[in-house]
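Just the heavy atoms: all of them, side chains too, but no hydrogens, waters or symmetry mates, feed the values below.
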Number of protein chains: 4
Amino acid sequence: MQQILDDIAAQMALETDRGKVADYIPQLAHIDPNQFGIAVATPDGQMYTAGDASTLFSIQSISKIFTLTIGLGKLGDGLWTHVGREPSGDPFNSIVMLEHETGRPRNPFINAGAIAVVDAIMMGHEPREVLGEILQFVHFITDDESIRFDHKVAASEMEHKDRNASLAHFMKSFGRLKHDVDKVLGTYFHQCSIAMNCQQLASAGLYLVSNGVDKHSGVRVINEHRARRINSLMMLCGHYDGSGEFAYRVGLPGKSGVGGGILTIAPGKGSIAVWSPGLDHIGNSKLGLKALELFVEKTGWSVFSD
Amino acid sequence: MQQILDDIAAQMALETDRGKVADYIPQLAHIDPNQFGIAVATPDGQMYTAGDASTLFSIQSISKIFTLTIGLGKLGDGLWTHVGREPSGDPFNSIVMLEHETGRPRNPFINAGAIAVVDAIMMGHEPREVLGEILQFVHFITDDESIRFDHKVAASEMEHKDRNASLAHFMKSFGRLKHDVDKVLGTYFHQCSIAMNCQQLASAGLYLVSNGVDKHSGVRVINEHRARRINSLMMLCGHYDGSGEFAYRVGLPGKSGVGGGILTIAPGKGSIAVWSPGLDHIGNSKLGLKALELFVEKTGWSVFSD
Amino acid sequence: MQQILDDIAAQMALETDRGKVADYIPQLAHIDPNQFGIAVATPDGQMYTAGDASTLFSIQSISKIFTLTIGLGKLGDGLWTHVGREPSGDPFNSIVMLEHETGRPRNPFINAGAIAVVDAIMMGHEPREVLGEILQFVHFITDDESIRFDHKVAASEMEHKDRNASLAHFMKSFGRLKHDVDKVLGTYFHQCSIAMNCQQLASAGLYLVSNGVDKHSGVRVINEHRARRINSLMMLCGHYDGSGEFAYRVGLPGKSGVGGGILTIAPGKGSIAVWSPGLDHIGNSKLGLKALELFVEKTGWSVFSD
Amino acid sequence: MQQILDDIAAQMALETDRGKVADYIPQLAHIDPNQFGIAVATPDGQMYTAGDASTLFSIQSISKIFTLTIGLGKLGDGLWTHVGREPSGDPFNSIVMLEHETGRPRNPFINAGAIAVVDAIMMGHEPREVLGEILQFVHFITDDESIRFDHKVAASEMEHKDRNASLAHFMKSFGRLKHDVDKVLGTYFHQCSIAMNCQQLASAGLYLVSNGVDKHSGVRVINEHRARRINSLMMLCGHYDGSGEFAYRVGLPGKSGVGGGILTIAPGKGSIAVWSPGLDHIGNSKLGLKALELFVEKTGWSVFSD
C-alpha cells in the first residue's frame with residue numbers, strides 16, 4: 001500500500017496540467033497549486049500517507065458528509081422532509097430545480113441541500129452552539145481535538161455570500177428554512193471552513209468503511225443502515241454534475257470540496273483522502289480525481305468489480 | 001439462499017398495494033399484476049428461484065444494458081461522443097435537457113440515450129441485421145437460444161411511438177442520429193420487446209458480476225474496465241429519476257424496465273432478477289424494489305456495506 | 001365619457017366573483033375587496049372618474065413605469081446593459097431565466113428587472129436620496145405634492161423579502177447589482193409602497209399619452225422616442241405572464257400592480273387608471289381587467305383597431 | 001409616401017451588413033441577399049412600392065397569420081383550446097415550454113403553435129383539401145389568383161423536417177394533434193411555401209388595417225374583435241424571441257418569415273410589406289427591421305405615439 005501511494009505521489013508531482021485553484025474568495029485563491037497529498041486509513045488501524053498529507057486545507061463541501069450524519073442522527077428519516085436524495089443534473093449552485101420543485105433541494109450535497117440540512121439541525125439553537133456540536137463530532141470521529149474552523153475563510157465566504165444567500169432566501173420564501181437566513185449561512189460557511197489534512201480526513205471516514213463503526217476504536221458512530229445510505233448518497237451525488245464521471249472512473253462513494261480535497265470510501269477496505277488544490281471545470285480536484293483513478297486501478301477497490 | 005427467496009416470495013404474495021401495470025400499449029396493460037418472480041444466479045453456477053421465475057415478460061429498458069455492452073464492444077470509448085454518462089434528474093422521456101445540451105442525451109439509460117446507442121451500433125446496417133446481432137448477444141450470454149422478440153409488443157410500441165419519435169427527430173435535427181428515424185425506432189422497439197423470464201435474466205447478468213467474465217462458462221464477454229463502468233452507469237442512472245431512491249434502498253447497480261423487471265448486480269456475489277408488473281409513480285416495479293430491499297437486508301450484499 | 005365610466009362602475013358593483021386580495025403581507029390582506037374605482041385623464045385637461053376613484057391604494061409594480069422613465073432619463077440606452085426588453089414567459093418572480101441568461105433580467109417590469117433598474121439609478125447614492133428623487137418625479141408628473149410612501153407597507157415587504165432577496169442576491173452573484181442588496185431592496189420596497197388614487201394615477205400617465213409631453217401642463221417629461229418605447233414595453237411585458245391576455249382583451253399598453261391597480265395608456269387619447277383589489281391567478285386585478293375590456297369596447301380606444 | 005419609400009430603398013441599397021440568408025434548405029440558401037423590396041397599401045386603395053417589390057419570395061411563417069384567421073373563422077374562440085396566446089420567451093422551435101405545459105403551444109406564431117392550428121383546421125380533411133382552402137383564402141384577400149405554393153420548397157422542408165417533426169410528435173404524444181403527423185407537417189410545409197411579392201403581401205394585410213374589412217374592396221374578411229386580436233398576437237408574438245425588440249423599435253403589429261419577409265399592420269393607416277433575405281441572429285430580416293424602423297420614424301405610424 002505504501003508503495004502504491006508513493007508511486008501515485010511521484011506521478012502526480014510530474015503533472016503539469018493541475019487545474020485552476022478556486023478564486024472566488026482570496027483565502028482560497030492564494031493556495032499553491034503544486035501540492036498533492038494522499039492518505040489511506042484502514043479498519044485495522046493502519047495509516048498510509050504520501051505527499052503533503054499533513055498540510056491543512058479547507059475541507060469545504062466535504063463537511064456536508066458530517067452534517068448529514070449529524071442530521072440523520074438527530075432527525076432520522078425525518079431529515080428527508082427537508083431534502084431529497086436524487087442526483088440533480090445541475091451545477092452545485094443551480095436554482096432552477098428549486099423553482100420547479102417548490103424550494104426542496106434535490107439532495108444534501110448540493111449547496112441548497114446542505115444549507116437545508118444546517119437549518120434542520122439548528123433546531124432553534126444559535127450558530128455558536130450548532131458549530132460547537134459540529135466540531136465536537138469531527139473531534140470525536142477523528143479523535144483529534146486540534147481541528148478548528150478557519151474564521152478568516154468563513155468571514156470571506158460571508159462577504160461573497162450572494163449565490164448561497166440567493167438559494168437560502170429562495171428556500172425560505174417557500175417556508176423551507178425555519179431560522180434566520182444570515183444565521184444559517186454563518187453556520188454553513190463556518191462548517192465549510194474546517195481545516196483538516198489528508199491524514200485527519202482519512203481517519204474521519206473510517207466509520208463509513210465499516211457499517212457505521214470505527215473498527216479501530218470500536219466506537220459506533222451511526223447505525224448500519226444510515227452508514228450504507230450515506231455512502232449511496234456520496235456515490236450518486238457527491239460530485240455535483242460530475243458524479244457520473246467519478247463513479248465511472250473511480251467507482252467508489254466520494255465527496256469533493258472546492259478546497260481541492262476528496263474523501264472516498266471503499267466499504268470494508270479503507271478510507272482514502274486526497275488533496276490537490278487545482279480544480280477541473282466542474283469544481284472537483286483535477287489531480288485528486290486522477291490519483292483516485294490510479295489508486296483504484298492498482299488496488300482493485302472499486303465497488304463495481306469482484 | 002433458497003430459504004431467503006422463498007421468504008421473499010411468500011411475503012410479496014401478501015402485498016395488496018402492487019402498483020399500476022403500464023398501460024400505454026394494450027400488450028402490457030393486459031398482464032396480471034398478481035405475479036412475482038425472483039431468480040439469483042451465482043458465479044459458481046448455482047441458480048436459485050422463487051415465485052413466477054419462469055414466466056416470460058417484456059424486458060423493455062433492461063435491454064439497454066445489452067445494447068450498451070454491444071456499443072462499448074464496437075465503438076469503445078468512441079461511444080461517449082454519442083451519449084453522456086451523468087444522471088439526468090428528469091423523467092425517462094424528458095426532452096428539456098436535450099435542448100439545453102444540443103441534442104446529446106445525458107446517459108445511455110434514458111430513452112433518448114438508448115436510441116442514440118442503437119443509432120451508433122447500426123453502422124449503416126439494416127434493422128434486421130442489427131436485431132440479429134442483439135439477439136445473438138443475448139443468446140450468447142444466456143446460453144439459451146429460445147429467447148425471442150415479441151413482435152406484437154414491438155408493433156404496438158411503433159403505433160404509439162410519438163414521444164420516442166419526438167426524441168429521435170429532435171436528436172436528428174442536431175445531426176446526432178445518422179440513420180432513418182423510423183428504422184432506428186423500429187430497432188429500438190424490437191430490442192425492448194425481448195421476452196425473458198427471471199431465470200434467463202439472472203443468467204444474462206453474470207458477466208457483470210465477475211469483471212466481464214461469465215465465470216460459470218468461463219467466457220469473457222467484455223473487458224474488466226467496461227464491466228465495472230457499466231455497473232457504475234446502472235448505479236447512477238438505471239432507474240431514471242428514481243436512481244437515488246434505488247441506490248439508497250438497495251445499494252446495488254440495477255436496471256429496471258416498464259414491463260416490471262429489474263436486473264441487479266452484486267459484484268463478486270451474484271446476479272438477481274426480479275419481476276412484478278405493477279409500477280410505482282416513477283415507472284419502476286413496486287414489488288421488485290421492495291423485494292430487492294428485503295433481499296439486501298437478508299444477504300448484506302449492498303456494495304455500500306462491509 | 002362620464003356616462004361610460006358610470007356604466008362600468010355600476011356593472012362592476014354587481015360582480016360577485018371579485019378575485020382574491022393579495023395576502024402575502026398583512027397590510028394588503030386587510031383591504032376590502034368590494035371597492036372599484038376608475039379615472040380617465042385626457043390631454044386637453046379633462047378628468048372623468050367613477051366609483052372609488054379618490055381612495056388611496058398601494059400602486060406596487062405600477063411604480064416600475066416611473067423608475068423606468070427615470071432610468072431612461074439618467075442612463076439613456078445605457079439602461080439596456082442592466083436589463084432586457086423581451087417578454088419572459090414566466091411568473092413575475094421566476095428565477096429560472098436569470099440562471100439561463102447569467103443574471104440579466106428579461107425586462108424592467110418583472111421583479112428582477114425592476115430591482116436591476118433601481119440599482120442602476122442609485123449611482124452610489126443612499127436609498128433616502130434615491131427615494132426622494134422618485135417621489136419628486138411622481139409629484140412632478142401629477143402636480144400633486146400630497147403623494148407619499150406608505151412606510152408600513154414598505155416595512156412589511158422588507159419583513160417578507162425572501163423571494164425578492166433571492167432574486168437580488170442572484171443578480172449580485174453575477175455582478176449585476178452594484179449596491180448593497182438590502183439598500184436596493186429597501187429602495188425597491190419603498191418605491192412599490194407609494195399610495196395613490198385612480199385620479200392621481202390617471203394624471204401621472206398623461207406624459208405617455210402624448211409622446212412624452214403632458215399636454216395639459218405643457219411640460220415635457222421624456223423625449224418622444226422613449227415615451228413610445230415605454231409604451232411598447234408596457235404592451236409586451238406589463239402584466240407578467242398575462243401580458244398576452246391583456247393585449248388580447250384590452251389592446252392597450254398597461255401596467256398592473258399587486259395592490260389591484262392598473263394604469264393603461266391610449267396614445268393620443270387618454271390615460272386610464274382602474275383599481276379593484278381582488279386579483280386573478282396571475283396577479284392582475286380581476287375587475288380592473290374586466291372594466292378595461294368594457295371600456296375599450298365602448299370607446300374603441302384599442303391601438304389595434306382603426 | 002412614395003418619396004419615403006424611395007429614400008428607404010436607396011438607403012437600404014447602401015447597407016453592407018445584410019445578415020445571413022437562411023440556409024437550412026437549399027431552396028432558401030440560393031437567394032441573392034442583395035435584394036430589398038417594400039410596399040405600402042392603404043385603405044383608400046393606394047399602393048406604393050420601391051425596390052424589388054414585385055419579386056416573389058417564400059412567405060414562410062407570415063402564412064401563420066392566414067391560418068390563424070382561417071382557424072378563428074372556423075373554430076371561433078374554440079381555437080384557444082388548441083393553442084395559447086402568450087409570448088414564449090424561447091426560440092421559434094423550442095420544445096422546453098411544451099414539456100412544462102403538457103404539449104400545449106404558447107401561441108399560434110411559434111412553430112408548434114402553427115402546427116397545432118393546422119391540425120385544428122384540418123377537421124378530418126386531406127392535406128390537399130385544406131391546402132386548397134388556404135390558397136383560396138389568400139386569393140380572396142389579395143384578389144390575385146396567380147399566387148401559388150412552391151412545391152420544391154415544401155418538398156425540401158419535408159426532407160429536413162426533423163425539428164418540426166419532433167414538435168409535432170411531442171404534441172401528439174400528449175393527444176394534442178388529431179391527424180397523422182406527416183399529413184399535418186405536409187400541410188404546414190406547403191402553407192409556408194407560398195410565394196408572394198411585397199405588393200401582394202401588403203394587399204393581403206389590408207383587412208387587418210381596417211377592423212376586419214378590406215375597405216378598398218368593401219369585403220369583410222373577419223369580424224372586428226378578431227381582427228383586433230390577431231393584431232395583438234402579432235404585436236406580442238410575431239417575431240419569436242425578438243418580439244420585444246420589434247415592438248420597441250417599430251411599434252406595430254408584424255409577422256416575420258425566415259424567407260426574409262415581414263408583414264406589418266398600422267391600424268387605420270396601412271399595411272406595409274418589406275422583404276430582404278438576410279436574417280439577424282433571431283431569424284428576422286435584418287434590413288426589413290431596419291427599413292421598418294426608418295419608415296415609422298418618417299411616418300409616425302407607431303401605435304405607441306399620438
Asker: Are any side-chain N or O atoms of A:E245 and backbone N or O atoms of B:E86, one a donor and one an acceptor, separated by less than 3.5 Å?
Answerer: no
Asker: Could you measure the distance from the CZ atom of A:R85 to the CZ atom of B:R249? Nearest 0.5 Å is fine.
Answerer: 8.0 Å
Asker: Starting at OG of A:S305, measure out to CG of B:N231 and round the result to the nearest 0.5 Å.
Answerer: 8.5 Å
Asker: In terms of heavy-atom pairs under 4.5 Å, which option from B:P43, B:G242, B:P253, B:G84 contacts chain A the most?
Answerer: B:G242
Asker: Kindly give the heavy-atom pair with the smallest separation between A:A247 and B:L236, and that separation in Å.
Answerer: CB-CD1, 3.3 Å
Asker: Check A:M234, A:R229, A:R228 against B:F304 for a side-chain contact (heavy atoms from CB on, under 4.5 Å) and give me the one that passes.
Answerer: A:R228
Asker: Taking atom OH of A:Y248 and atom CD1 of B:I230, what is their separation to the nearest 0.5 Å?
Answerer: 8.5 Å
Asker: Could you tell me whether B:D7 atom CG has more than 12 heavy atoms of other residues or ligands within 6.0 Å of it?
Answerer: yes
Asker: Counting C-beta onward and ignoring hydrogens, is there a side-chain heavy-atom pair between A:K215 and B:D306 closer than 4.5 Å?
Answerer: yes
Asker: Below 4.5 Å, heavy-atom pairs only: which of A:A227, A:S243, A:C237, A:S210 has the largest tally toward chain B?
Answerer: A:S243
